[in-house]
Amino acid sequence: MDQPSGRRRFLKSVIAMGAVGLPAPGQADEAHAQHAPPGVPAASAQTSAAPPRAYMFLTPPEVAFVEAAAARLIPADELGPGAKEAGVAYFIDQQLFGAYGTMAKKYRQGPWPEGTPQQGYQSPLTPQEVYRAAIRESNLYCRRQYGKTFDELAPEQQDQVLRGLDEGKIALESVPSRFFFDLLLANTQEGFFADPVYGGNRNKIGWKLVGFPGVPAVYTDHIEKYNVPYLVEPVSIADVQQNLTQGDEHGHPQHVRLSRDR
Amino acid sequence: MAATTLKPVDVVLVGVGLTGTIMAKELAEAGLTVVGLERGRFRDTYPDFALPNAHDELKYVRRHELMQDLSRETITFRNAMGETALPMRELGSFLPGEGVGGAAVHWGGLTWRFLPWDFETRSRTIARYGQDQLAADCTSQDWGITYAELEPSFDRFEYLYGISGKAGNIKGTIQPGGNPFEGPRAREYPNPPLKTTFAGSLFRKAAASMGYQPFPVPTGALSRGYTNPYGATINACVYCGYCQFFACEMGAKASPQTAVLPVLLHNKNFTLRTLTNVVKVNLDSARRRALSVTYVDSRGREFEQPAELVVLTSYVLNNVRLMLLSGIGRPYDPVRNRGVVGRNYAYQTPSAVTLFFEDKVFNQFMGAGGLGIAIDEFNGDNFDHSGLGFIGGGFFSAASTGARPIGVRPVPAGTPRWGSAWKKAVAHYFNRSFPITVQGACQSYRTNYLDVDPTYRDAYGLPLLRMTFDRHDNEHKMSVYLTNKAAEIAKAIGPSKMNVNPRTGKYTIVPYQSTHNTGGAIMGADPATSAVNKYSQSWDVPNVFVIGASAFPQNGGYNPTGTVGALTYFAVEAIRTRYLKRPGQLLT
């Protein structure tokens with residue numbers, strides 16, 4: 001029943017992302033072109049910059065849910081774009097598909113009593129399974145309560161649902177609701193601030209918001225400049241690998257100062 | 001499956017990290033054949049720690065690239081004996097390393113000497129305040145070694161790792177600009193302190209105005225290039241702000257990779273075997289002598305490595321576990337307060353004050369491991385504890401150790417956890433805040449201990465180590481007192497807001513606190529209450545040495561690494577000069 005509309009929404013959101021956050025090969029990060037080293041033709045660097053991106057774990061209704069939730073957790077507002085525009089849903093998809101989603105480096109043997117809060121993560125479910133179950137159950141709640149899925153609700157209603165999960169007032173079947181909410185919030189913040197190589201923090205939206213320079217430069221000459229802002233174009237891992245920045249023999253990029261800098 | 005027995009060697013080391021590499025270097029140099037068994041992989045400055053990938057916050061801080069793979073082995077945890085311990089399924093509170101170099105690859109660099117008082121906690125407390133100052137179930141005790149005995153070993157370790165700092169007490173003469181509370185040292189640090197950040201300068205000024213004596217934190221992030229007595233060169237730090245949780249791309253953080261391995265790996269007496277997991281130390285039938293260790297390699301093959309000397313040089317928790325699984329020494333029984341292995345597990349009691357400003361920027365994304373200005377007025381017994389209801393303390397420091405936005409983006413208390421208000425606070429305060437951290441000590445108690453879990457097992461089918469731990473009233477009272485003192489300094493600096501967060505309530509294994517686990521194979525003068533003597537030698541099986549913070553009877557108000565390094569040199573010196581001439585119990 002919700003399949004066709006879900007798929008439509010998914011397609012719409014993918015198209016929207018192409019326009020906002022996911023640059024097509026030709027349009028990759030204008031900012032980099034400004035400080036590409038003179039020897040590297042900008043066009044050749046750009047053609048390798050943006051491999052095709054596709055969802056690997058989340059289903060279309062799940063993408064719609066995560067995008068809608070991310071847009072409320074870190075909203076687009078007067079300070080600039082938020083988690084949705086930063087591609088956090090795609091980031092979460094990639095994380096869930098990989099080692100994190102399957103708890104590859106974590107202890108997975110039972111038995112699985114719930115334990116005390118001090119004992120931490122004790123769910124038999126992996127993050128993959130937590131998202132799958134909790135999104136479905138959250139949407140069931142929204143349908144019962146509002147007659148719509150989460151992504152179809154008005155922003156104020158979405159906030160109400162998120163608060164209900166955050167405060168543990170909405171009961172989910174498979175996991176404690178706060179457990180799911182904490183995971184979703186942590187992953188959203190990770191996707192907003194992690195290096196763009198993971199698919200989130202598009203156009204370094206998160207880093208630009210807080211003034212974080214990304215891959216570090218040599219700061220020996222700056223560390224004792226007291227109360228002097230250090231405003232630079234942030235540098236990502238891909239920027240360095242693709243020689244879009246100039247660097248020293250240890251790989252530290254030379255940060256390009258923004259004109260606002262004094 | 002039958003184990004293949006290998007050719008006997010003189011020494012087998014379990015774990016090739018900070019303590020293992022020093023042991024290996026010293027013993028191989030003495031002409032012994034040494035095999036180092038390391039369960040993780042080989043790692044080196046290049047290419048493993050190269051930029052840009054090595055400074056990726058998600059990968060290293062959140063996904064724990066350099067840390068223990070819990071899918072193979074973890075611990076179980078509970079707050080109290082009446083609870084059921086459950087596995088630590090993901091890393092949180094502490095982060096043991098895995099691979100060559102161990103946790104000394106991702107350590108934060110702070111390199112302290114414990115105070116003379118720390119080594120005599122129990123007797124000095126009773127002498128000054130009387131028996132009642134100690135909680136009834138407190139099992140903190142003297143180490144069986146004094147600071148004065150250990151001083152030359154502290155010195156050797158500091159010169160090996162090229163520590164940057166400022167001496168406060170050289171042979172009894174107080175040095176301006178250093179820590180006046182430290183025990184007397186033979187000479188100045190090998191390298192001068194790091195530069196001072198804006199945060200550090202504000203703290204220094206405020207602390208001095210209140211009559212305290214601020215000084216730079218001693219650290220293994222080096223202020224200049226340095227060639228150590230082994231001939232290894234460590235580079236100068238560039239303040240990139242990715243030190244703790246990360247490996248250093250510059251070779252500027254003192255570590256096995258920078259300070260020891262470049263020389264050790266060329267010594268023909270030393271053999272390194274990576275991806276080998278030691279599952280047991282094999283003893284003779286009387287359990288008085290170790291014969292060999294059994295390990296499983298990366299192809300599932302089982303080997304028995306005979307050796308004259310077995311040295312446990314893995315992390316605290318695995319040192320203790322291997323003793324329990326092998327029957328070295330009597331396991332601790334908390335009900336009867338008898339036995340020694342697993343006894344006096346302790347930790348750290350860290351807390352912090354976060355300062356928020358409207359008109360100042362700190363660029364805290366710049367920084368270095370251990371970079372900070374500290375005071376020591378409220379550490380150990382440097383202040384009068386009469387009527388305070390606790391013992392111990394900790395150093396305070398305005399720290400600039402690198403702020404990265406996934407993990408370090410403080411907001412004033414009362415800020416919503418998400419939404420536009422949260423976003424606004426993060427955007428505003430990311431560069432307008434810094435912390436004053438308090439490295440609180442932790443005493444030992446009868447009910448805090450390590451033993452073998454009855455239910456959960458590792459990838460080899462062996463029982464996990466079980467941790468039973470909570471902080472007690474002493475730690476909570478201490479944390480409140482210290483954190484309020486730190487808040488007074490913060491207030492003098494003049495922030496618009498501050499978060500004051502003492503450590504109270506139940507210990508939880510979830511958020512990161514400190515990789516300063518201690519005890520479980522503690523040293524002491526009495527075999528009835530300690531697992532090893534002051535040379536880190538097992539009382540029960542004298543050809544087994546157990547090196548590391550597992551030997552701390554309780555934890556001081558400092559990072560442990562400096563003291564771990566000193567204990568390592570003290571032990572290896574005794575092995576070289578005395579044990580090799582007459583193998584057997586060094587203290588009789």
Side-chain angles (χ1 to χ4, degrees), chain A residues 72-75 77 79 82 99-100 103-109 111 113 115-122 159 162 166 185 189-190 193-195 197-198 206-207 209-213 215-220 222-230 235-237 239-241 247 250-253, chain B residues 50-53 55-58 62-64 69-71 74 77-79 83-84 86-90 92 195-198 201 236 238-242 249-250 360-363 365-367 400 404-406 409 417-420 422-424 426-427 430-431 455-457 506-510:
Chain A
R72 299 312 303 156
L73 296 175
I74 309 179
D77 55 20
L79 290 176
Y100 171 77
M103 294 183 78
K105 272 186 83 171
K106 297 180 183 178
Y107 188 79
R108 291 209 59 208
Q109 295 181 42
T116 66
Q118 288 74 27
Q119 289 174 312
Y121 197 121
Q122 293 298 338
D159 284 357
L162 290 171
D166 185 3
L185 180 61
Q189 293 172 345
E190 286 171 354
F193 289 122
D195 190 283
V197 73
Y198 295 100
W207 289 353
L209 176 73
V210 298
F212 183 68
V215 180
V218 169
Y219 295 135
T220 310
H222 298 280
I223 192 99
E224 289 183 311
K225 289 184 181 166
Y226 296 168
N227 206 15
V228 177
Y230 183 82
V235 173
S236 70
I237 289 171
D239 293 341
V240 177
Q241 283 196 4
H250 291 287
H252 303 103
Chain B
L51 281 184
N53 296 67
H55 289 351
D56 172 345
E57 185 182 13
L58 185 76
R62 300 297 270 231
R63 305 292 181 256
H64 305 118
D69 181 351
L70 300 189
S71 73
T74 184
F77 161 73
R78 58 183 179 173
N79 282 120
E83 295 176 3
T84 302
L86 297 180
M88 176 175 76
R89 298 190 178 277
E90 57 183 8
K195 293 170 186 278
T196 303
T197 63
F198 187 31
S201 75
V238 299
Y239 302 90
C240 80
Y242 290 78
E249 79 282 11
M250 286 295 297
K360 292 183 174 68
V361 297
F362 296 96
N363 299 332
F365 47 82
M366 301 178 190
S400 303
R404 300 155 301 265
I406 300 176
R409 38 171 171 70
R417 293 175 79 206
W418 48 275
S420 269
W422 172 85
K423 185 182 171 191
K424 196 175 172 185
V426 167
F430 177 73
N431 204 20
T455 307
Y456 294 94
R457 294 182 175 261
K506 276 190 178 182
Y507 168 70
T508 157
I509 200 127
V510 181

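Fair warning: this is a prediction, and the values are worked out from it, not measured in the lab. First the proteins, then the strands, lettered A, B, ... as listed; each starts at 1. In what follows, every heavy atom counts, from backbone to side chain, and hydrogens, waters and symmetry copies are set aside.
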Do you know which two heavy atoms are closest between B/Lys360 and A/Asn227, and how far apart they sit?
CA-OD1, 3.2 Å

Most contact-rich option vs chain A, by heavy-atom pairs under 4.5 angstrom, among B/Leu51, B/Ile509, B/Leu86, is B/Leu86

At a 4.5 Å cut-off on heavy atoms, which part of A/Ala99 comes close to chain B: side chain, backbone, both, or neither?
neither

Against chain A, work out which of B/Lys506, B/Glu83, B/Arg62, B/Arg63 has the most heavy-atom pairs shorter than 4.5 Å and name it.
B/Arg63

Assert yes or no for the condition that the ring centre distance of B/Tyr239 to A/Tyr219 is strictly below 6.0 Å.
no

To check you understand the geometry: which heavy-atom pair defines the closest contact between A/Pro111 and B/Tyr456, and what is its length?
O-OH, 2.5 Å

So which of B/Asn363, B/Asn79, B/Thr74 has the biggest tally of heavy-atom pairs under 4.5 Å with chain A?
B/Asn363

Part of A/Leu185 lying under 4.5 Å from any heavy atom of chain B
side chain

Taking only Lys NZ, Arg NE, NH1 and NH2, and the carboxylate oxygens of Asp or Glu, determine whether A/Arg108 and B/Glu90 approach each other closer than 4.0 Å.
no

Among B/Arg409, B/Arg89, B/Met250, residue most engaged with chain A (heavy-atom pairs, under 4.5 Å):
B/Arg89

Check: B/Arg78/A/Gln118 side-chain N/O donor and acceptor closer than 3.5 Å:
no

Non-hydrogen atoms of B/His55 and A/Pro216 that approach each other most closely
CD2-CG, 3.7 Å

Less than 4.5 Å to any heavy atom of chain B: does that hold for the side chain of A/Pro117, its backbone, both, or neither?
backbone

Cation-pi between B/Arg404 and A/Phe212: NZ/CZ under 6.0 Å from ring centre and within 45° of the ring axis?
no

